[in-house]
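Take a look at the structure set out below.
Basis for what follows: all heavy atoms, side chains included, without hydrogens, waters or symmetry-related copies. As the structure is a prediction and not an experimental result, all values here were calculated from the model.
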Amino acid sequence: MRDIVLAQTANINPGLAAIGYGLGAIGPGIGVGLIFAAVINGTARQPEARGKLQTMGYSTFVLSEVLALIGVVIYFITYSK
């Protein structure tokens, strides 16, 4: 099945793949901004909850950033063929 997927993506123009990755990175970028905006807002409302909020903020940051890393991997898979 891997050969079938690579055979279908082998004809993608590298420039088009880069544009696709750039568009795909917009979502995680917005997500990271919203995550840390919520952490700052929560810390301003309850300063004693800062530690818990930062822990949750970094955990969700990692989950959101994984999407961008998956996009980089897919870009290099399509570009290398």
Side-chain angles (χ1 to χ4, degrees):
M1 182 163 163
R2 180 176 178 266
D3 295 332
I4 293 171
V5 172
L6 289 178
Q8 290 175 353
T9 60
N11 295 329
I12 293 178
N13 184 355
L16 184 62
I19 291 171
Y21 170 68
L23 291 174
I26 291 173
I30 292 171
V32 168
L34 290 174
I35 288 166
F36 286 112
V39 169
I40 292 169
N41 192 14
T43 303
R45 289 175 184 261
Q46 283 192 324
E48 66 273 5
R50 179 177 173 226
K52 284 186 179 182
L53 290 172
Q54 280 186 339
T55 302
M56 284 191 291
Y58 286 124
S59 299
T60 53
F61 163 74
V62 169
L63 292 174
S64 177
E65 201 61 32
V66 164
L67 295 173
L69 293 176
I70 289 172
V72 169
V73 169
I74 291 174
Y75 168 73
F76 282 120
I77 287 173
T78 58
Y79 183 71
S80 67
K81 190 69 179 175

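The side chain to side chain contact (heavy atoms under 4.5 Å, CB included) check on Ile19 picks up Leu23, with sequence neighbours excluded. For Val32, the side chain to side chain contact (heavy atoms under 4.5 Å, CB included) partners at least two apart in sequence or on another chain are Phe36, Phe61, Ser64, Glu65. Among residues two or more places apart in sequence or in another chain, the side chain to side chain contact (heavy atoms under 4.5 Å, CB included) test is passed with Ala25 by Tyr21.
Clustering ILVMFWY residues whenever any of their side-chain heavy atoms sit less than 4.5 angstrom apart, transitively, puts Ile26 in a cluster other than the one holding Ile70.
Across all non-hydrogen atoms, the minimal contact from Ala68 to Pro28 is N-CG, 3.8 Å. Scanning both residues, Val39 and Gly57, for their nearest heavy atoms gives CG2-CA, 3.8 Å.
One finds the CG atom of Asn41 at 9.5 Å from the CG atom of Leu53 (value rounded to the nearest 0.5 Å).
Listed by chain and number, the hydrophobic cluster partners of Ile35 come to none, as no ILVMFWY side chain reaches under 4.5 Å of it. With a 4.5 Å cut-off between side-chain heavy atoms of Ile, Leu, Val, Met, Phe, Trp and Tyr, the cluster of Ile40 takes in none. Apart from Leu69 itself, the hydrophobic cluster it occupies contains nothing, where clustering links Ile, Leu, Val, Met, Phe, Trp and Tyr at side-chain heavy-atom distances under 4.5 Å.
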